[in-house]
Amino acid sequence: MNITALLRNSAIACALLVLAGCASLWHHTDTHTQSGSAVEYLFPDAKQAPQMAPGVTTLRPPVKVGIAFAPAAQWGTAIPEQQKTLLLEKVKGNFASLPYVGKIEVIPSSYLRAKGGFANLEQVARMFDVDVVALVSYDQVQFVDNGVLSMLYWTIVGAYVIQGDRYDVQTMVDAAVFDVASKKLLFRAPGTSRIKGSSTLVNYSEASREARAAGFDAAVNDLVPNLKAELERFRERMKTDSSVQVVNRAGYSGGGSVGLAGVLLALGLVTLIGLRRRP
Amino acid sequence: MNTSLRWPRASFAVAVMSVAAISLPAAWATQLELTRGPLDGLACWQLWSGHLLHFGPTHALTDLLTLLIAASVVETALGTRRTTLLYCVTPPVLSLLTLLTAPQLTTYRGASALAVMMGFAAGGVLWRDVGLRVPVVLIVALFLVKLAGDAAGAATDLSGLPTGIALAWQAHAVGALIGSVLALHLARGTAAARYGMIST
C-alpha cells in the first residue's frame, strides 16, 4: 500500500466517522412534555385536601360560561396560545347553542396567572362577565425511540429517507367546570388520545410537532361527547341536589308550555262532547 | 250537540309549521323567537313567529296536541276561514300582552298561549249546552289552579321545557283572557247556532 492510498483511505474513514457523528448528534431519544393543571392553578402549594364550605350554589340561566386552559406551572411547557384558542373554540361551538347557556367566552391563558388560585379566577370571571368557568387541564407526553433503521442515518442520505425515529404522543385533557361564586366543582369530564408515528431524522421536528397538535385535537374530540354526557348527568342531578339552586336572572328566556296537564284538560273538554252525544 | 267534530285544517297547518320550525338552524330560530324588539318597533314578525317556535320536541308535542284538541271544537264551530283569521289576528295581541305582563321576559317561544286561548274558546262553545256547564267549570277551575301554581313557581317537570327556561305563565294568563272574550262570543246561542255547532 503506497502513501497516497493510505491517505485516501484514512480520509474516507475520517469523513465517515465525522458524518456518522453528526447524524448521531441529531438523534432524538428524549421525551417532550406539556402540561397545565387546574389543581395546581386553583390550589397552589396545598398540603391538605381543599375544604369546601357547605352552601348552596346558585345558577342563573342562561348561564354565562368562560372556558380556559389551566396555566402551565413551568415556563415553556404550555401549548401555543393560537392552538389553545382553536381547541377552545371547538368546544365552544358544541355548547353555544344550548338554550340554558347564555354565552361562552374563550379566556386567553395570559389572563390566568400560574398558581393564581380562586382569587385570580374571580378577577378573570369579573373581567369577562362569566358565572361559571370550565378549566381545561392538560398533560401530554411524547416518547421518542430510535428504531433499528435509524442506524442508516450515518449514511446522511438515510437521514432524509429512512423513517427511523418513532414517536408516541399520549395526551389527556380534563375539563373541570367551576361555579366561581361558590368555588364549587359542578362536574368534570376527560378526553384522551394516543398518536403514534415515525419520521425521518430531518423531518422529525416538524412531524413530532404535528403529532403533538393532532394529539390535542383528538383528545378534545374525545372530550366533547364526554362533557355533553356529564352535563346531562349534572342536569339530572340538579333536580335532586339541594345544594344547587336554579334561579331566573333578570331578563330570562321563557317558554309557553301547557305540559301534560294542558293536554289532559283539553282531552277532558273533547270527551265531554263524546259523552253528551251518547243516547 | 248536533255536529261531529271536524278535522281542524287551519290549526293543523299551524301545527305543521310549528313542527317544521323545530329543524330550523339555531341562528334562524333566534331571529324568529319573540323578543322585546317588537315593543321598540323592531322585528315585528316575531309577534307571530314566536308562537310557532319551541324549545324542543317535548315542548312542541304537548303544546301542539293541546292546540289541535281544543281547536277541533273551535274550528268546527267557527269554520276554517274564521279560524284562519283568528290565527292571523290574535298572535300579535297575545305576544304584546305577554311582553307587557312579563317585563323581565327577554325571549319567548311556544304555542301554548294559542292553545290556552283555543281551550277557553272551546269552553265557550260547550257552555251553550246546559248539561256540560258543570264539567266545563270544573275543567276551567283545574286550569286556573294549575296557572296559579305556575305563577307561584310550583312548576313541575311536566312542562317539557329544558332546564334554564322559565315557564312563561303570563302567556297562559293572556291566552285565557283572550280565549274568554272569544268564549263570551261563542257561548251566545245565536252565534254558536250560526256556526252550526250547537243545537238551540
Side-chain angles (χ1 to χ4, degrees), chain A residues 58-65 93-104 131-132 186 231-241 244-279, chain B residues 1 4-5 26 33 51 54-56 59 61-63 65-70 72-73 98 102 104-116 118-119 122-123 126 129 131-132 135-136 138-139 142-143 146 155-172 175:
Chain A
T58 306
L59 296 175
R60 292 181 172 80
V63 178
K64 295 181 281 186
V65 183
N94 279 279
F95 294 90
S97 61
L98 295 175
Y100 44 88
V101 175
K103 66 168 184 175
I104 301 179
D131 312 313
V132 165
L186 302 177
L231 178 60
E232 282 306 310
R233 275 195 278 274
F234 172 69
R235 286 180 58 201
E236 287 301 314
R237 206 167 60 238
M238 259 186 354
K239 292 173 184 172
T240 52
D241 188 352
V244 181
Q245 198 176 35
V246 178
V247 175
N248 287 323
R249 71 169 74 240
Y252 61 93
S253 289
S257 173
V258 289
L260 195 57
V263 179
L264 294 174
L265 289 174
L267 273 175
L269 277 176
V270 175
T271 309
L272 291 179
I273 297 175
L275 293 173
R276 197 64 180 160
R277 287 176 66 191
R278 282 187 184 168
Chain B
M1 296 288 151
S4 298
L5 292 178
E33 67 186 0
H51 297 277
H54 290 85
F55 284 108
H59 179 202
L61 183 72
T62 51
D63 276 8
L65 263 179
T66 310
L67 177 71
L68 284 174
I69 294 167
S72 64
V73 178
T98 301
Q104 304 291 341
L105 185 70
T106 52
T107 57
Y108 170 86
R109 297 182 191 184
S112 64
L114 282 173
V116 170
M118 283 300 194
L126 302 183
D129 192 326
L132 293 181
V136 166
L138 276 175
I139 288 173
L142 279 173
F143 173 79
K146 178 189 179 301
T156 64
D157 289 337
L158 299 176
S159 70
L161 292 171
T163 310
I165 304 297
L167 182 63
W169 59 270
Q170 295 90 339
H172 299 171

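Every chain is numbered from 1 and lettered A, B, ... according to where its sequence line falls, protein lines coming before strand lines.
When all heavy atoms of A:Ala266 and B:Thr66 are compared, the closest pair comes out as CB-CG2, 3.8 Å. Annotation for A:Gly256 and B:His59: closest pair O-NE2, 2.7 Å, computed over non-hydrogen atoms. In plain terms, the two heavy atoms of B:Ser72 and A:Val270 that are nearest each other are OG-CG2, 4.2 Å.
In this structure, B:Ile139 and A:Leu272 have side chains that are in contact, with non-hydrogen atoms separated by less than 4.5 Å. You'll find the side chain of B:Ile69 stays beyond 4.5 Å of the side chain of A:Leu269, heavy atoms only.
Here the straight-line distance linking atom OG of A:Ser257 with atom CG of B:Asp63 works out to 5.0 Å at 0.5 Å rounding.
Of the listed residues (B:Ala26, B:Ala111, B:Ala115, B:Pro135), the one with the most heavy-atom contacts under 4.5 Å to chain A is B:Pro135. The candidate from B:Ala168, B:Gly110, B:Ala102 with the greatest count of non-hydrogen atom pairs under 4.5 Å with chain A is B:Ala168.
Heavy atoms of B:Glu33 lying under 4.5 Å from chain A are absent altogether. Residue contact with chain A, scored on non-hydrogen atoms closer than 4.5 Å, involves the backbone and the side chain of B:Tyr108 alike.
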